[in-house]
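A note on names: the letters A, B, ... follow the listed sequences, proteins ahead of strands, and every chain is numbered from 1.
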Amino acid sequence: MSATAAPTPSVADVRLEQVTKGFDGVVAVDGLSLEIPRGSFFALLGPSGCGKTTTLRMIGGFEEPDEGAIFLGDRPVTGLPPHKRDVNTVFQSYALFPHLTIFENIAFGLRRKGVKGQTLKGRVGEILGMVDLAGMGDRKPRQLSGGQQQRVALARALVNNPQVLLLDEPLGALDLKLRKQMQLTLKQIQHDIGITFLHVTHDQEEAMTMADVIAVMNHGRIEQLGPPEELYETPRTSFVARFLGASNLLPGTVEGQSGVRLASGALVHVEQELPAAGSRVAVGIRPEKVRLAPSRDGENRLSGTIFDRSYVGVATQYTVKTPDGRVSVFAQNTQAGSGTHEPNQAVELSFDPGSAFVVDLTEEENE
Amino acid sequence: MSATAAPTPSVADVRLEQVTKGFDGVVAVDGLSLEIPRGSFFALLGPSGCGKTTTLRMIGGFEEPDEGAIFLGDRPVTGLPPHKRDVNTVFQSYALFPHLTIFENIAFGLRRKGVKGQTLKGRVGEILGMVDLAGMGDRKPRQLSGGQQQRVALARALVNNPQVLLLDEPLGALDLKLRKQMQLTLKQIQHDIGITFLHVTHDQEEAMTMADVIAVMNHGRIEQLGPPEELYETPRTSFVARFLGASNLLPGTVEGQSGVRLASGALVHVEQELPAAGSRVAVGIRPEKVRLAPSRDGENRLSGTIFDRSYVGVATQYTVKTPDGRVSVFAQNTQAGSGTHEPNQAVELSFDPGSAFVVDLTEEENE
Amino acid sequence: MTFIHRHRWLAPLLLLAPGLAWLAVFFVVPLGFLAYQSLQSGTFEQGYTFTWEFSNYRDAITGYDEQLVRSFLYAGIATVATLLISYPLVYWIAFHGGRWKNLLLLFIVAPFFVTYLIRTLAWQNILADQGPVVGFLRDIHVLSADGRLLATTVAVVSGITYNFLPFMALPLYVSLEQIDARLLEAAQDLYASKTKAFLRVTLPLSAPGIVAGTLLTFIPAAGDFINAQLLGTPNQYMIGNVIQSKFLELIDYPAAAALSFVLMGLIMISLLVYARAVGTEKLTG
Amino acid sequence: GGDDDGGGGGAGTTTAELADTLRFSNWQLYIDRDPNDKTKSPSLEQFTAQTGVKVNYVEDVNDNATYFGKIQGPLSQGRGIDRDIIVMTDNSRFPALLISREWVEPLDKGRIPNIANLIEAQQSPPFDPDRTYSIPWVSGITGIATNLQASGGEVVTTMQQLLEDTKLKGKVTLLTEVADTMTPIMLENGDDPSKVTDDSWKRAYDRVKKAVDAGQIRRFTGNDYVADLERGNIAAAVSWSGDVATGLAANKDLRWNLPEKGSDIWTDNMFIPLEGSVPTASEYMNFVLDPKIAAMLAVGIGYISPVKGVKDEAVKLDPESANNPLIFPDDDILSNVHQFDSDALNNETYTQQWQTLLGA
Amino acid sequence: MTTAAETLPARPRPSIAARVWAFVRRHLLAAYSVLALVYLMLPIAVVILFSFNQPATQFNYTWQQFTLDNWTSWDAVPGIRDSVILSLEIAFLSTIMATALGTLVALALVRHRFRGRGPTNLLVFLPMATPEIVLGASLLTLFLQMRYPTGFTTIFIAHVMFIISYVVVTVKARLVGFDRHLEEAAMDLGANEWTTFVKVTLPLIAPAILSAALLGFAISIDDFVITYFNAGSETTFPLFVWGAARVAVPPQVNVVASAIFILALAAMTLNVLFQSRRGRQAKGTA
Ligand SMILES: Nc1ncnc2c1ncn2[C@@H]1O[C@H](COP(=O)(O)OP(=O)(O)OP(=O)(O)O)[C@@H](O)[C@H]1O
Ligand SMILES: Nc1ncnc2c1ncn2[C@@H]1O[C@H](COP(=O)(O)OP(=O)(O)OP(=O)(O)O)[C@@H](O)[C@H]1O
Ligand SMILES: [Mg+2]
Ligand SMILES: [Mg+2]
């Protein structure tokens with residue numbers, strides 16, 4: 001299904017066709033098809049062990065697919081060794097050469113291409129400036145902080161301006177503050193030089209803030225692919241709904257186009273069109289789209305009691321017990337103080353049919 | 001100052017008095033005094049290198065303070081070797097014994113205390129259940145995933161039910177999803193068994209969601225100490241303001257009690273009482289407390305143009321250029337769609353004097 | 001080179017070929033010849049012919065049981081001694097050596113760099129009957145007035161111990177050095193005294209080193225003949241002395257070959273027994 | 001044997017056929033040395049001066065058995081051992097073996113006129129009756145050396161003391177060479193060492209074995225007893241006469257005696273191994289049979305020369321050692337020394353028993 | 001609580017006791033270790049000391065008087081010079097050969113998954129698990145049967161054979177900790193297998209190879225038994241010592257031994273420094 005799901009863009013920079021890869025028994029990547037539009041910032045998002053790195057390594061040429069083909073541009077690259085592929089990788093572990101200076105680390109690729117002397121100096125100096133490490137050229141990697149090393153790894157790859165840049169959780173090793181900051185830097189750089197970035201991560205927030213297109217992977221397949229907003233607002237599977245941000249999923253059965261009958265018997269309306277009547281579905285609603293207030297007309301309503309309240313500064317998160325299970329609510333703290341409602345208080349929940357989505361459970365249960 | 005800030009609880013489980021510790025020149029902990037109320041979930045929050053681990057290690061008995069004294073309950077423990085202290089530590093690296101099974105890892109402490117046979121089996125089995133690893137007892141650590149290992153480390157410490165449990169960034173090595181989940185588990189367990197947790201982290205969100213009391217550390221000293229809400233709503237230093245969530249800090253000068261005159265000349269009112277007129281301060285306002293809308297009466301207002309918009313699913317984050325610098329705004333996505341305002345659009349920002357806070361810059365600049 | 005990339009399975013073969021070939025031709029094949037020779041019969045005067053002379057083995061065992069037992073006894077004692085002597089030392093270096101670690105380590109390997117024979121001769125000199133050591137031991141009545149060290153079992157065993165100590169110390173150091181200090185902290189945190197922490201954590205984790213060290217010490221020790229020759233008397237002679245003289249002086253090749261295989265066989269057996277005890281992967285590591 | 005090592009061979013008379021180097025394997029401390037430069041040997045230098053043949057003199061013979069073991073490999077395959085002269089003792093089985101196996105080249109007698117200088121006793125040894133293959137180097141007498149300090153002032157003069165005196169327990173060494181040890185014992189037993197019978201052998205053997213089992217005997221040795229004796233690690237040792245002259249001279253506590261009931265005399269002989277340069281080797285043998293040279297050697301190494309008229313030459317060189325009875329034994333010494341039975345040396349059972357006694 | 005500073009209680013008693021005990025114990029271990037080191041150094045000290053002795057007789061056992069002659073005229077003993085030279089030649093050649101072969105094997109073992117790793121490991125391990133005397137004897141048998149004259153070549157062959165295993169083990173140990181991503185990074189940056197090996201792999205495993213070589217050299221120059229069997233009429237330094245020991249070991253032997261010792265120690269020290277520097281570098285990216 002993922003194949004059909006892929007958008008067909010003007011030009012594809014990277015194309016995977018039915019690629020499968022297994023490691024002694026374990027299927028790491030499972031008949032995966034993918035097109036990465038030129039110049040896009042493409043994020044491969046998925047839980048640990050879902051096959052992200054493996055996919056990346058196959059594109060980079062470090063692993064050969066068992067089946068399927070890989071194209072860079074229109075050129076099939078299957079069987080081509082890494083040094084013959086016009087892609088560069090930023091490794092999670094950075095993999096900086098400990099015995100070379102920062103300058104030589106960055107110059108490594110250029111030297112292989114025979115760039116020399118002033119040209120070399122120029123190019124390296126320039127890129128060093130870009131990742132603002134100017135003047136650090138003579139240090140050895142171990143003399144740099146994690147964040148700096150990370151930027152060197154980036155520079156080392158970028159300086160060859162490859163057709164595609166592969167990043168395997170480049171920010172994984174950095175602490176929160178530094179990560180946020182590097183996210184901006186990366187986005188900025190990609191925006192400036194405009195080459196295709198394939199960014200692997202398991203941090204959904206990172207993917208959402210950075211990527212133009214996100215592919216959510218699970219068990220070596222692509223569950224859904226599209227722009228962040230699309231994925232977030234209308235996830236097609238419960239996995240995506242849960243993995244990309246938090247979701248309340250209320251199981252029920254479709255009653256014609258009128259709506260979905262929940263387990264509790266309540267009927268909820270959803271603008272998104274529904275599968276055939278009678279099919280088992282879950283109505284999804286994001287915590288931030290649920291209001292702790294009586295419903296205005298046209299809105300869906302649920303009632304329950306507040307089970308838990310947790311203050312996270314920017315907002316207060318409520319967990320509300322309802323007949324249809326626990327519903328979590330995200331309420332921005334627009335005022336000082338930890339929100340308005342108390343635990344065990346009976347409340348009414350309401351949400352707009354337009355912001356709810358539906359996940360078809362039947363096919364998932366068949367899997 | 002931290003001392004006065006500390007709540008004076010019924011009983012203190014851990015007490016540090018003027019503790020100082022240096023490593024060949026570097027002062028890691030600097031005259032730190034602290035009281036941790038019995039049964040509380042206490043978070044020690046601070047940037048990398050600020051002395052958190054060192055503090056913890058001194059309480060655990062792995063380092064001796066250069067000056068000052070440490071009490072567990074009312075008992076001074078300075079100089080007591082670790083195995084004589086009724087505290088247990090969950091190490092950031094887990095430090096599971098690779099040569100022992102999970103069962104034996106957990107049983108280690110009990111055996112030292114001479115617990116045997118059925119009692120031992122019982123206790124270990126019980127705790128294994130609690131961290132739901134039942135049936136994994138015979139595995140070796142390397143056969144477990146990061147999250148599972150983490151839970152073993154936790155179980156190994158908890159099974160001895162110590163007076164105090166020390167946790168040094170126990171979730172640092174886990175990926176986001178797992179971390180969130182473990183946060184709940186931890187909180188739950190602490191709630192159930194009710195022993196004192198001293199939790200070290202540099203993830204402010206983690207601290208806020210989990211702790212009853214947070215101490216923010218910087219350069220080996222405590223900058224501010226109090227319940228999450230207090231720290232978040234009224235940070236006393238710009239460091240705390242920045243480190244605990246995002247803050248917009250607008251520099252200005254106090255004009256009597258009337259308000260603060262910003263660089264741009266605008267006058268902002270703040271409910272919190274102000275330092276002496278003329279003193280340099282920064283008015284702080286949290287992004288989620290700024291509204292992208294004309295001010296109602298009594299509200300402060302700033303005007304500017306939208307510089308950047310970024311969609312993060314649960315909310316849309318705007319960066320607004322104003323005469324007083326960039327102001328970031330957090331707008332919950334209550335509806336589907338990525339927010340209401342477009343880049344370069346001119347907007348009016350407004351916020352309630354009650355939700356603004358003031359940071360005194362003079363003393364900071366003197367430092 | 002792209003060729004290599006395509007035929008990855010070839011790479012290891014190319015890398016292995018020369019080294020393994022050398023070992024095959026100059027280690028395995030010779031053993032074959034040795035086996036062949038061990039089944040020959042005849043005398044030096046009449047020359048030797050291959051006759052499946054299995055009695056050579058019987059004679060080897062029955063004729064030199066004394067030396068065989070001695071070899072394994074001495075090697076065993078020496079191995080234990082090296083372990084007891086080097087463990088605390090290496091432990092100290094690994095955990096308290098600080099930035100002197102590597103330097104101190106040099107002290108341990110230092111004996112390697114003095115020719116084996118000369119080391120042993122030095123002991124011959126140190127333990128001499130008129131030497132200071134014996135003198136001291138006589139004074140404190142550990143030795144009787146005309147007691148001696150040289151040309152005794154003590155001398156031979158301590159010679160072996162000294163000469164093979166580095167073989168024990170180095171692997172020990174490696175395994176101890178790898179132990180994560182935090183594990184010991186964890187143990188103490190879990191109420192283990194320093195001693196308990198050592199017994200329950202350090203010791204088990206250093207097992208691989210002990211295993212490797214034991215092998216590297218015991219095997220050469222069992223085949224040694226220099227120490228018995230220079231520090232002992234015929235009553236301390238080990239199987240090595242016999243093999244050596246049969247090969248090089250009596251030119252009784254079949255007997256010598258048979259003895260060699262008996263020695264090898266016994267060593268292999270003890271290895272297997274040992275492997276049973278500690279697990280095979282640690283042996284071939 | 002082949003002559004293909006460029007050394008030339010067979011009969012010849014001109015120096016043209018001489019190899020440019022003489023490769024000579026000998027025992028340690030067995031050649032005269034320039035006291036100022038121990039690497040130089042006057043006699044060898046003189047040989048080079050006379051013939052223009054350099055000498056590559058190697059002291060790699062440590063004992064007969066080991067050295068034979070080392071060279072027999074190539075020899076048994078008809079190959080040379082990169083030596084022109086080797087030296088072996090007549091009280092071992094090896095001289096006979098070398099000849100019977102044809103592992104040695106016949107001498108070029110034409111080049112050895114000085115063979116006439118040999119004393120009678122040396123003209124026809126049992127293993128090589130008419131000196132076809134061998135020329136004697138020097139002879140030695142086996143006796144008993146004592147270190148008075150270690151022996152408590154008592155001088156050991158009989159094998160009986162050596163083997164049975166408990167005061168010497170563990171401080172006695174015997175020689176690994178069967179003849180050297182057995183001859184004096186047999187003599188004490190009243191047996192004839194030159195005609196060994198199973199009984200006489202057994203009597204002697206049992207005495208030694210008893211001593212060994214009792215821990216009386218510390219070790220069986222080659223030259224290495226000298227070191228132990230000098231240091232006082234051992235009190236008494238079966239000892240070669242020349243060692244006294246060389247090693248023990250300095251130490252005042254040392255005494256050397258011929259056992260009261262007599263002992264054995266032995267001779268080291270030069271051979272030309274296969275592919276050795278016969279002309280060169282023969283030239284050298286002739287050279288050392290010259291009384292002047294023989295005297296240099298005798299005085300230099302302290303052993304008995306097989307050459308007539310050496311003593312007169314020795315007097316000129318060094319009167320003191322000329323009067324040394326160990327180098328120039330008088331008749332009552334000579335009448336008291338015997339040669340060991342060469343058949344006994346080749347007797348397999350004896351050899352086996354002896355080896356087990358040696359512990360290997 | 002700010003006032004707590006004044007009311008600081010005195011350090012509680014048990015802690016002092018504990019500290020003292022800990023102190024004592026730590027230093028017991030230290031003291032023992034020092035003794036052990038002395039024990040290790042004693043013979044070496046003796047050897048070096050007597051290299052400066054001027055013995056009265058040919059026997060160099062009792063200290064007479066200090067002299068440098070033995071050092072200045074270290075080759076004043078017939079045969080010693082040749083034997084030393086021979087030993088060095090053998091050690092150099094066999095070390096180079098063995099290091100090359102062994103390193104390749106180690107690379108294969110660590111880097112590649114292939115059938116027959118088990119047997120390979122075993123084949124590498126066995127020579128170390130075989131007594132030298134058996135190695136020497138069996139090789140001699142081979143040469144006898146092949147009617148190959150023993151001498152320089154056979155010594156060389158023998159030494160390479162038993163050094164290889166040690167090289168493999170040493171290099172392997174270091175390679176295991178080697179971050180494969182570094183090589184992938186190199187290839188990713190356009191370096192082919194060869195360039196990658198030369199520019200990245202080799203520089204990084206150089207210390208391992210170097211120490212393997214040092215070890216090999218030490219073993220080779222020290223070997224007596226195997227050489228004893230296969231030397232033919234050649235005489236290496238250990239063989240020379242063996243011979244000399246039959247009569248009297250001249251002080252020059254001590255001189256050579258001391259010299260070898262000192263040089264080796266110097267080399268090791270350099271290597272160690274080199275190592276620790278590399279070590280820190282490696283951690284830099286780890
Ligand atoms: N070299 C290998 N040998 C065996 N199995 C492997 C290998 N590499 C990956 N795998 C398996 O393939 C699956 C996918 O691995 P991969 O590294 O691609 O996951 P990932 O998405 O990168 O996970 P993470 O987010 O933790 O990096 C996992 O089950 C892993 O165990
Ligand atoms: N054993 C040590 N030797 C020398 N300096 C040390 C040692 N331990 C800590 N330090 C120094 O003390 C300071 C505080 O270290 P500490 O580990 O307590 O920080 P931290 O808050 O735990 O940082 P992180 O969040 O990265 O763990 C740092 O500057 C560190 O370099
Ligand atoms: Mg990965
Ligand atoms: Mg820390």
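Applying the salt bridge (charged side-chain N to carboxylate O under 4.0 Å, His left out) criterion to B:R301, with sequence neighbours excluded, gives B:E348.
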Under 3.5 Å donor-acceptor pairs involving side-chain atoms of residues 208-217 of chain A, not counting sequence neighbours:
from   : atom 1 : to     : atom 2 : distance (Å)
A:T209 : OG1    : A:E205 : O      : 3.0
A:T209 : OG1    : A:E206 : O      : 2.9
A:D212 : OD1    : A:K187 : NZ     : 3.3
A:D212 : OD2    : A:F41  : N      : 2.8

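Heavy atoms of B:A331 lying under 4.5 Å from chain A belong exclusively to its backbone. Heavy-atom distances place both the backbone and the side chain of A:F243 under 4.5 Å from chain B. If you measure heavy-atom distances from A:A207 to chain B, you find no contacts under 4.5 Å at all.
Distance check, rounded to the nearest 0.5 Å: CZ of B:R286 to CG of A:N333 gives 11.0 Å. Atom CZ of residue B:R179 and atom CG of residue A:D203 lie 8.5 Å apart, to the nearest 0.5 angstrom.
What you find for A:Q335 and B:K289 is that their closest heavy atoms are O-CE, 3.1 Å.
Side chain of A:Q332 to backbone of B:F330: a donor-acceptor contact under 3.5 angstrom is found.
With contacts defined as side-chain heavy-atom distances shorter than 4.5 Å, the pair A:T334/B:R291 does not qualify. Side-chain contact between A:V312 and B:Y232 is absent, with no heavy atoms from C-beta onward closer than 4.5 Å.
Residue with the most contacts toward chain A among B:G313, B:A356, B:S355: B:G313 (heavy-atom pairs, distance under 4.5 Å).
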